[in-house]
Amino acid sequence: MTAIIDCNSFYCSCERLFRPDLRDTPVVVLSNNDGCIVSRSDEAKDLGVGMAIPYFQARHLIQQKGIATFSSNYHLYGDMSWRVMETLRILAGDRSKVEVYSVDEAFMDLSEIPANELHEYARQIRATVEQWTGISVSIGVAPTKTLAKLANRLAKKNKKASGCVTVLATPEEQRTALQQTRVDNLWGVGWAYAAKLLNLGITSAWELSRMPEEWAHTNLGGVIGIRLIRELNASPAIFMEEELTDKKMIATTRMFGRPVTTLAEIKEAVATYISRAAEKLRRQQGAAGGITVFLVPKPPRSTPAVFGYGRGSSVSSFTLLPNPTSLTNELIKAALGLADRLFVQGKAYQKAGVMLSGIVPDDSIQGNLFVPQAASQNRFLMNAIDNINFSMRDDSVKFGASGITKDWKMRQELRSHRHSSRWEELKEVK
């Protein structure tokens with residue numbers, strides 16, 4: 001049996017954790033640049049606040065109903081996510097039995113728990129996570145990952161009746177759950193396949209589970225479709241994965257707080273993002289052999305949105321480095337050259353990003369006899385900068401290319417304090 005532990009309205013729960021006065025108050029959290037609503041408490045949902053709608057469209061309702069509104073506070077959410085996942089690893093007794101799926105979700109292997117104890121065990125997990133971290137979770141338990149996700153959705157659908165725990169242990173329970181679930185609400189079925197299935201007259205997960213594997217191979221993307229059919233029939237086809245500790249690529253991207261029109265600001269942003277990516281690279285003792293820089297121009301107002309969202313087209317450029325490196329100054333130099341190549345005078349840009357690729361272990365790089373020994377010591381300088389920035393926070397030491405004022409930075413006008421990761425922002429109890 002497999003469990004999926006999913007935090008309830010995670011961003012809102014993190015905000016409420018340090019604001020107990022908001023326990024019964026509707027809460028929403030906004031996306032980057034305070035653009036769209038990305039998290040809603042149950043109270044906000046009941047008031048009719050839609051998911052992913054632009055903030056300006058919901059502003060009147062938010063003000064009218066007194067809905068507490070926050071900008072995304074990623075430092076807080078990342079720290080609380082780590083605490084939840086560490087709690088699950090402690091409860092599992094074996095780190096390999098927990099697979100972190102996203103910032104607010106994790107799978108847990110419950111194969112050693114007797115069937116008649118699954119429901120009570122899941123309730124204990126839920127109670128312990130909430131007691132240790134203050135974050136409420138919902139848990140779905142089933143023989144496969146897909147059925148566990150389905151069970152979790154049912155647990156969230158009626159939290160009072162389910163107690164935020166649903167176990168699909170028997171074929172009868174699984175059949176009932178499948179009959180209650182539309183195909184467009186299934187994990188692993190995207191909007192395109194959902195539309196295709198509905199056009200074919202397959203509306204419920206139960207109807208889909210009755211289809212032959214050969215049909216799924218033809219109509220649902222080959223092997224992926226076969227796995228889905230097997231998972232719906234309680235035959236595991238998507239297994240627990242080990243945590244990826246060393247990444248093959250490292251990316252840092254951000255929306256600008258306003259349209260950026262000057263090359264100087266573009267270079268500041270690229271240098272800042274490269275510095276952040278380089279820190280991640282050194283954290284895994286890696287060195288990058290290639291750099292990609294991309295820019296997203298602001299689309300004209302007349303440009304039609306794609307599936308309801310104005311995505312904007314991007315332009316990118318890539319370069320191979322003479323030798324793999326983890327030194328921020330070398331990475332910045334190469335990235336700024338790409339930014340020069342991409343920037344077009346007169347255009348406004350809404351987003352930029354960098355990606356480091358061709359990552360190899362730092363200790364596998366062959367030394368260069370033609371490079372002075374002093375240049376090889378830059379690695380110690382990078383470690384010193386990383387240690388200072390980790391302890392002091394907020395880029396206390398940075399390269400001048402990253403800029404000083406950074407007026408282009410992402411807007412977070414309604415961000416709460418970073419209570420769990422900044423000494424100067426600790427919650428005061430009076």
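Because the structure is a prediction, the values reported are computed rather than measured.
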Pair [X]-[Y], side-chain donor/acceptor within less than 3.5 Å:
X: Arg422; Y: His75; answer: yes
X: Glu15; Y: Ser416; answer: yes
X: Asp79; Y: Ser420; answer: yes
X: Ser136; Y: Asn8; answer: yes
X: Gln131; Y: Thr128; answer: no

Find out whether the Lys NZ or Arg CZ of Lys145 is both under 6.0 angstrom from the six-membered ring centre of Phe107 and within 45° of the ring's axis.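 Lys145 over Phe107 ring: yes.
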
- Cation over ring face, Arg59 and Tyr55, 6.0 Å, 45°: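 Yes; both conditions hold, so Arg59 lies above the ring face of Tyr55.
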
Under a 3.5 Å distance rule, please check whether [X] uses its side chain to pair with a backbone N or O of [Y] as donor and acceptor.
X: Thr144; Y: Pro236; answer: no
X: Gln174; Y: Asn233; answer: no
X: Thr218; Y: Glu214; answer: yes
X: Ser317; Y: Leu342; answer: no
X: Ser71; Y: Asp34; answer: no
X: Asn219; Y: Trp215; answer: yes
X: Glu207; Y: Ile202; answer: no
X: Ser72; Y: Tyr74; answer: no
X: Asn152; Y: Ala148; answer: no
X: Glu99; Y: Met108; answer: no

Distance flag, aromatic centroids of Tyr349 and Trp408, threshold under 6.0 Å
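Here the rings of Tyr349 and Trp408 have centres that are no less than 6.0 Å from each other.
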
Exercise for the section: Using the test ring-ring contact (aromatic ring centres under 6.0 Å, His included), find all partners of Phe239 that sit at least two apart in sequence or belong to another chain. Expected result: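 Applying ring-ring contact (aromatic ring centres under 6.0 Å, His included) to Phe239 gives none.
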
**Study point:** ring-ring contact (aromatic ring centres under 6.0 Å, His included) partners for Tyr77, two or more places apart
**Key:**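 ring-ring contact (aromatic ring centres under 6.0 Å, His included) list for Tyr77, sorted by chain: Tyr11.
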
Who pairs with [X] by salt bridge (charged side-chain N to carboxylate O under 4.0 Å, His left out), at least two apart in sequence or on another chain?
X: Asp6; result: Lys156
X: Glu117; result: none
X: Arg282; result: Asp386
X: Arg175; result: none

With side chain to side chain contact (heavy atoms under 4.5 Å, CB included) as the test, pick out the partner of Asn32 among Met410, Arg411, Gln412.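 So the option named by the test is Met410.
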
Ion pair present between [X] and [Y], side-chain N to carboxylate O less than 4.0 angstrom?
X: Lys149; Y: Glu105; value: yes
X: Glu43; Y: Arg16; value: yes
X: Asp94; Y: Arg89; value: no
X: Glu268; Y: Lys409; value: no

Discussion item. Once rounded to the nearest 0.5 Å, what's the spacing between atom CG of Leu154 and atom CD of Gln180?
Written reply: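 Here the interatomic distance stands at 6.0 Å.
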
Q) So do the side chains of Leu198 and Thr203 get within less than 4.5 Å of each other, counting heavy atoms only? A)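 Yes, side chains in contact.
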
Discussion item. Would you say that Ile135 contacts Glu130 through its side chain, given a criterion of any heavy-atom pair below 4.5 Å between the two side chains?
Written reply: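 Sidechains of Glu130 and Ile135: no contact.
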
Within a radius of less than 6.0 Å around NZ of Lys398, do more than 12 heavy atoms belonging to other residues, nucleotides or ligands occur?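 Yes - once you tally the heavy atoms of other residues, nucleotides and ligands closer than 6.0 Å, there are more than 12.
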
